[in-house]
Trainee: 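Can you read through this structure? Questions will come right after.
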There are 2 protein chains.
Amino acid sequence: MTRKSEDAGGRSTIRDVAARAGVSASTVSRVLGGEYPVSSATRTRVMRAVRDLDYVADARAKAVAGVGTPTLAFVLEDITGPSFALMAHGVEREATRLGHLCLVCSTEGDVEHELEFVEMMRAQRAAAVILVGGAADTAEYRARTRRMADSLASAGSRLVLCGRPTLGAGAPVTVIEYDNEGGAFALVAHILAQGHRRVLFLGGKADHTTAQGRERGYLAAHRARGLDPDPALLLHGDFTRDSGHRLMRGALKNGLDFTAVVAATDMVAAGALTALHEAGLEVPGDVSLAGYDDIPFARDLHPALTTVHVPYEELGRLAVRTALGRTPETPDEHLLLGTHVVVRDSVGATGS
Amino acid sequence: MTRKSEDAGGRSTIRDVAARAGVSASTVSRVLGGEYPVSSATRTRVMRAVRDLDYVADARAKAVAGVGTPTLAFVLEDITGPSFALMAHGVEREATRLGHLCLVCSTEGDVEHELEFVEMMRAQRAAAVILVGGAADTAEYRARTRRMADSLASAGSRLVLCGRPTLGAGAPVTVIEYDNEGGAFALVAHILAQGHRRVLFLGGKADHTTAQGRERGYLAAHRARGLDPDPALLLHGDFTRDSGHRLMRGALKNGLDFTAVVAATDMVAAGALTALHEAGLEVPGDVSLAGYDDIPFARDLHPALTTVHVPYEELGRLAVRTALGRTPETPDEHLLLGTHVVVRDSVGATGS
DNA sequence: CTGAAAGCGCTAACAA
DNA sequence: TTGTTAGCGCTTTCAG
């Protein structure tokens, strides 16, 4: 019978190990630390005790003592969304590659929850907090996000916006974005080049920056050709399959005239495609269809979806690398990743 | 100029706050703790200091002192897989609901990595470690997993197997599974009831328990009807879209005779569907097709995929609830969740 | 090479 | 109501 729960398996401490090996706690610490010179006899005895007790140093205590495993946190709305999942994957991989632990939090769109979580991460002394995914760019958003940024910065941490609306200058944030407008421009230019002139746009929420960027690209591509799209062809909804389905069905019912449709996201495109099928329309025979995001499933639709590729994983990886590669003197960084069209089978020429 | 980085925003400690408020550290602790009686004058001064310094107590230190936020970890192969994502979502939501922080780790199938991570979680004193998703049930798997289970148990933590092969009796694990065989049985029975007699099975890896369960169901459904499926109709691959595509194309090229096909997963079904389309075959007109998992995208395929619903989110939620709801005396639990067929449009009657 | 002692940031038992 | 003193589990001077 020993004083502590030596054999019982419970959490044994460094002192238990020391006692069992007949040395001091410092010695155990040194053996486990690796670097420090220790006589091989002692080392053996200590290691044996460690094994016997199945001892693992408490990471939290190490952290307090200043030698913990660094941690990084990321926050997203819902890991179930394919593009979120891709970014999360990038974040997670890069974080572990750089030896960091990864804390996650789904907000389900709840702003309060997001705030609370960021505060917890500050308490955890997370090296950085990455906010993943789009949001509405309102004054309230900016104020709130700015507050989080300052709060983290003042605690020696860092806020990273990954695919989110930038804050004004002066905010201590790192932002990694991608080119929504450019991708949409290229995509719509491609469609116009196929001879289409009435292109329906199934957009997202009006105040969502991602949706806005894509819409701007749609407009710009028209203007670049001297075209002026019919405002009636610009529909708004959100980024879900249901929204695409509903919008498309409505357009069809209203007898809207168009030969191609561009959806704000691949999910929206999937919903629209279903509606098209239900109406007995052929894609791309009767109407062409394109999406945005290039989620893995885009290629599984029939016909395989022409869309815009967004380097989501890379976005996540870069968010981590940029945030962790900073020194206090590093100026705030703002990266913009490129996007490009992936031509598959859902867009055809007019009258073909 | 004060001694510490009071205004500079750096990490201020409870002592900084105490000094600024002219009280002792314990008083600050009590004010922040909430419960303890403190004169409202002091409380105000302390709160002011806290605000001025933008102070947040170090969660790691609290943890060492015995009052930390509990943490829970989950490990999966790749968050990008739709069913993994669903389970992760369930885990995450339930964990935060129960006030736990959530650590994640993707293993990318690397066993070493998984082991390392579990060890880290033991060091972090995670309340439980949830291993999510199927695996090959080899002797090596059992030994390794058993070791992890013992190691965690001996540290007062807990290993949870969520949708993974059970260990033999006596292992300190909680397992939450779902009924692979039952679902496959029901699905294939449904298909046979439509008059199909030659049903191709696009299976997964031969030693993967999930794949095995589904295959058993396929076989059992035949036998229940006094049928004896042609062994040539049993193909093996893995759980990817590519596997489904490859297998299907091969079957078609070899002139295999069948009127329906059951894929081991919806992903496999998606690949198979593409191959069928490429071959100019109509689904379900020429051949019927069914999947397994009921991932969200199953309904976006055309035709919408008939499949087996697996309550993945629920699985994740239950894993957490079961693991955290334990006392040391709780017997090891083993839950088996039901699955059911979701009839959509990809299966038709023979000759229809 | 090894041990004693101090310290990390916080809480809690004990006095006052 | 408040301050003092231990103590959580670990690391790291500082002396031998």
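Throughout, protein chains are lettered first and strands after them, A, B, ... in sequence-line order, and every chain is numbered starting at 1.
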Trainee: Rounded to the Å, how far apart are B/Glu35 CD and C/dA12 C1'?
Mentor: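 Those two atoms, CD and C1', are 14 Å apart.
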
Trainee: Compare the minimum distances between each of D/dG9, D/dG3, D/dG7 and the side chain of B/Ala65, then state the nucleotide with the smallest one.
Mentor: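 Nearest listed nucleotide: D/dG7.
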
Trainee: Counting only side-chain N and O atoms of A/Lys62, is one of them less than 4.0 Å from OP1 or OP2 of D/dG9?
Mentor: no

Trainee: Check the phosphate of C/dG3 against A/Ser24, side-chain N and O only, distance under 4.0 Å to OP1 or OP2. Yes or no?
Mentor: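 Yes.
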
Trainee: Need one value for B/Arg60: base, sugar-phosphate or nothing, where a base atom within 4.0 Å counts as base even if backbone is also close, heavy atoms only.
Mentor: nothing

Trainee: Counting distance only, does the side-chain N/O of B/Ser29 pair as donor-acceptor with the main-chain N or O of B/Ala25 below 3.5 Å?
Mentor: no

Trainee: By the 4.0 Å heavy-atom rule, please label A/Ser26 as base, sugar-phosphate, or nothing.
Mentor: base

Trainee: Between B/Asp58 and B/Tyr36, which residue's closest nucleotide on DNA chain C lies nearer the 5′ terminus?
Mentor: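 Its nearest nucleotide being more 5', the pick is B/Asp58.
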
Trainee: So do the side chains of B/Leu161 and B/Leu167 get within less than 4.5 Å of each other, counting heavy atoms only?
Mentor: yes

Trainee: So B/Glu333 and B/Arg326, do their side chains get closer than 4.5 Å, heavy atoms only?
Mentor: yes

Trainee: Could you tell me the separation between the CG atom of A/Leu32 and the P atom of D/dT11, rounded to a whole number of Å?
Mentor: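 Going from A/Leu32 (CG) to D/dT11 (P), I get 7 Å.
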
Trainee: Which one, D/dT11, C/dT11, D/dC10, comes nearest to the side chain of B/Val67?
Mentor: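 Nearest nucleotide to the side chain: C/dT11.
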
Trainee: Give the nucleotide from the list C/dC8, D/dT2, D/dC10 with an atom nearest to the side chain of B/Arg15.
Mentor: C/dC8

Trainee: C/dC1 phosphate, OP1 or OP2: any side-chain N/O from A/Ser39 under 4.0 angstrom?
Mentor: no

Trainee: Side chains of B/Thr174 and B/Arg158: any donor to acceptor distance under 3.5 Å?
Mentor: yes

Trainee: At 4.0 Å (heavy atoms only), tell me whether B/Val38 reaches a base, stays on the sugar-phosphate, or touches nothing.
Mentor: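 B/Val38: backbone/sugar contact only, no base atoms under 4.0 Å.
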
Trainee: According to a strict under-4.0 Å criterion, is B/Thr27 in side-chain N/O contact with OP1 or OP2 of D/dT2?
Mentor: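 Answer no for this pair, as no side-chain N or O of B/Thr27 is under 4.0 Å from OP1 or OP2.
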
Trainee: Could one point to a donor on the side chain of A/Arg11 or the base of D/dG9 with an acceptor on the other under 3.5 Å away?
Mentor: no

Trainee: Do the non-hydrogen side-chain atoms of A/Leu103 and A/Thr71 ever get within less than 4.5 Å of each other?
Mentor: yes

Trainee: Regarding D/dG3, can its base be found pairing with the side chain of B/Arg30 as donor and acceptor, where the two atoms are less than 3.5 Å apart?
Mentor: yes

Trainee: Distance check: side-chain N/O of A/Tyr55 vs OP1/OP2 of D/dC10, anything under 4.0 Å?
Mentor: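 So the side-chain polar atoms of A/Tyr55 do come within 4.0 Å of the phosphate oxygens OP1 or OP2 of D/dC10, strictly under.
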
Trainee: Using the closest heavy atom to pick a nucleotide of DNA chain D for each, name whichever of A/Gly66 or B/Pro37 lands nearer the 5' end.
Mentor: B/Pro37

Trainee: Specify the separation, in whole Å, of atom CD1 of B/Ile14 and atom P of D/dG3.
Mentor: 12 Å

Trainee: Nearest to the A/Thr42 side chain among C/dT2, D/dT11, C/dG3, which nucleotide is it?
Mentor: C/dT2

